[in-house]
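For reference, the structure is listed below as structure tokens.
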Amino acid sequence: MKFPVLSTLVAVLLAVPLLHAQTPATPVATPAKVPWKRVMPATPAGFTLVTKEVAVYPEHTVTLTLYVPDKAGQYPTVLDIHGGGWKDRQVEQDKPMMERLATHGFVTAIVAYRLSGEAKYPAAINDCKAAVRYLRAHAAELKIDPKRIGVMGGSAGGHLTGLMAMTNGLPEYEGDGPNRDQSSAVQAAIVMAGSQDLIAANKDKSNPGAVAFFGGTYQEKPEVYEQASPLQHVRAGAPPTIFIEGERDSLKIGRAEMQEKLRALGIETELHTLKDAPHPYWMSQPWCDETVEIAAAFFKKHLGEPTLAKP
């Protein structure tokens, strides 16, 4: 006995996989990769790489890595505060940026401050203040104009940069480092990819990096998080402060609010957003060069050109 209906059904079912196999799958769209190139340190011609000890502690010796022009004169100076979540030392990674910035007419320096695994807050900000005091105390030796010092830094270094700038002249942030007869004030600042409100950034969550740095959660030490938030210290007399952020980075908490406060006080501020830039953009090209161009223009405006010795 023949079953024509059953035979037809079997034929259709057998054909289904074949039909599917012959239909090309729709490709899934993937985000376009942005080409980037890691840059490596190389001391530029006409400069000498110098390392100096700022302060010696049992847990760490605070140092400055400097690019000093060979040509005689007095130079405006820019101190860099490296990032690394307050726990990693990233001096080498920031060298290419500071090497390039030096060629625009600056002495540049990078401070290796105490990390969270070596000493809790406020050790890091104390070390950054001590670094500026060292630059002034040794200005003649390092060809520095002590009246013209700026600061910049990214990520955790961006947080510390904002704190440096907003606490000019506040003795409770100085620490016990040397050269206390010198000022730690800075005349201009660039915050790169760094949150400025540590309260808002940590009150609803426990960030292991912040806990290690501050020695507890926000709930445990709210007064410490408040003291460490640059946003809390914006006041008249703060230096011009601009911000550089990457288009593909996360939101930097407190930056917009800090700019509102600065503008209300008539203090210069602006935001530069680098197209397609990730975190940390300043360590790779093309964003390293873009960052240096912005920084050079800003610091030249507020710190000026070098005063070169007459031949």
Side-chain angles (χ1 to χ4, degrees), residues 29-47 49 65-69 75-85 88-112 150-162 165 188-196 240-253 255-256 258-259 268-303 305-306:
T30 56
K33 289 186 177 180
V34 179
W36 63 274
K37 181 181 179 182
R38 176 73 181 272
V39 281
M40 303 303 291
T43 303
F47 288 81
L49 178 62
T65 299
L66 300 108
Y67 295 93
V68 180
Y75 291 79
T77 300
V78 180
L79 174 70
D80 173 65
I81 306 174
H82 69 77
D88 295 321
R89 190 154 285 121
Q90 295 186 340
V91 170
E92 290 298 311
Q93 291 89 329
D94 278 15
K95 278 183 175 181
M97 175 176 66
M98 300 315 287
E99 290 165 349
R100 286 160 172 76
L101 182 58
T103 65
H104 288 265
F106 302 94
V107 170
T108 61
I110 309 169
V111 58
V151 64
M152 68 187 298
S155 194
H159 157 252
L160 291 168
T161 293
I190 299 179
V191 174
M192 304 187 300
S195 290
Q196 302 298 287
T241 302
I242 67 170
F243 298 79
I244 308 176
E245 296 179 1
E247 188 179 49
R248 296 199 175 192
D249 198 1
S250 59
L251 175 68
K252 300 309 163 190
I253 299 171
R255 187 266 305 156
M258 187 158 154
Q259 287 195 286
E268 180 182 333
T269 185
E270 57 187 15
L271 171 65
H272 296 267
T273 303
L274 303 187
K275 183 175 175 54
D276 291 327
H279 183 96
Y281 54 82
W282 56 93
M283 296 180 184
S284 56
Q285 297 290 29
W287 307 290
C288 179
D289 282 346
E290 291 176 12
T291 301
V292 168
E293 290 301 317
I294 294 168
F298 174 73
F299 285 127
K300 279 180 180 292
K301 177 181 179 181
H302 294 287
L303 303 180
E305 299 282 353

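Note: hydrogens, waters and symmetry copies are ignored here, and every other heavy atom, side chains too, is used.
In this structure a side-chain-to-backbone donor-acceptor pair under 3.5 Å is present from Glu99 to Ala42. In this structure, the side chain of Thr269 engages the main chain of Thr241 through a donor-acceptor pair within 3.5 Å. Of the possible donor and acceptor atoms, one in the side chain of Thr108 sits under 3.5 Å from a partner among the backbone N and O of Met98.
For Glu268, the salt bridge (Lys or Arg N to Asp or Glu O under 4.0 Å) test picks out Lys301, with sequence neighbours left out. Annotation: salt bridge (Lys or Arg N to Asp or Glu O under 4.0 Å) contacts of Glu92 (sequence neighbours excluded): Lys95. Annotation: salt bridge (Lys or Arg N to Asp or Glu O under 4.0 Å) contacts of Glu305 (sequence neighbours excluded): Lys300.
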>> Could you walk me through whether His82 and Arg89 satisfy the side-chain contact (heavy atoms from CB on, under 4.5 Å) test, starting with their C-alpha distance in whole Å, then the side-chain angles of each, then the deciding distance to 0.1 Å, before giving a yes or no?
In response: CA-CA 7 Å; His82 69 77; Arg89 190 154 285 121; 3.9 Å; yes
> Could you go step by step and tell me if Ile244 and Met152 meet the side-chain contact (heavy atoms from CB on, under 4.5 Å) rule?
Replying inline: CA-CA 10 Å; Ile244 308 176; Met152 68 187 298; 5.7 Å; no
>> Please determine whether side-chain hydrogen bond (donor to acceptor under 3.5 Å, both in side chains) holds for the pair Thr273 and Lys275, giving the CA-CA distance in whole Å, both sets of side-chain angles, and the decisive distance to 0.1 Å.
In response: CA-CA 6 Å; Thr273 303; Lys275 183 175 175 54; over 6 Å; no
> Going through the checks in order, is the side-chain hydrogen bond (donor to acceptor under 3.5 Å, both in side chains) test met by His279 and Ser250?
Replying inline: CA-CA 8 Å; His279 183 96; Ser250 59; over 6 Å; no
>> side-chain contact (heavy atoms from CB on, under 4.5 Å) for Gln93 and Arg38? Distances and angles first, verdict last.
In response: CA-CA 9 Å; Gln93 291 89 329; Arg38 176 73 181 272; 3.3 Å; yes
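Remark: the Asp94 side chain and the Gln90 side chain contain no N/O donor-acceptor pair separated by less than 3.5 Å.
Between Phe243 and Met258 the shortest side-chain heavy-atom distance falls below 4.5 Å. Using a 4.5 Å cut-off on side-chain heavy atoms (C-beta onward), Phe299 and Pro76 make no contact. In this structure, the side chains of Glu290 and Tyr281 stay at 4.5 Å or more apart for every pair of heavy atoms. A heavy-atom distance below 4.5 Å is not found between the side chains of Trp282 and Cys288.
Closest of all the heavy-atom pairs between Val91 and Ala112 is CG2-CB, 4.0 Å. Heavy-atom minimum distance, Phe298 versus Pro240: CZ-O, 3.5 Å. For the residue pair Ala165 and Ala189, the shortest heavy atom distance occurs at CB-CB, 3.7 Å. The two atoms that bring Ala193 and Asp249 nearest to each other are CB-OD2, 3.6 Å, heavy atoms only. Annotation for Gly85 and Ala156: closest pair N-CB, 3.7 Å, computed over non-hydrogen atoms. Scanning both residues, Ala296 and Phe106, for their nearest heavy atoms gives O-CZ, 4.1 Å.
Expressed to the nearest 0.5 Å, how far CD of Glu247 lies from CG of Asp276 amounts to 5.5 Å. Between atom OG1 of residue Thr77 and atom CG of residue Leu303 there is a gap of 8.5 Å, rounded to the nearest 0.5 Å. From Ile190, atom CD1 reaches atom NE2 of His272 across 7.5 Å, with rounding to the nearest 0.5 Å. Going from atom OG1 of Thr103 over to atom OH of Tyr67 covers 11.5 Å, rounded to the nearest 0.5 Å. Atom-to-atom distance recorded for Ile294:CD1 and Met192:CE is 10.0 Å, nearest 0.5 angstrom. Between Ile81 atom CD1 and Ile110 atom CD1 the span is 11.5 Å, to the nearest 0.5 Å.
Between Glu245 and Arg255 a salt bridge is recorded (basic side-chain N to carboxylate O distance below 4.0 Å).
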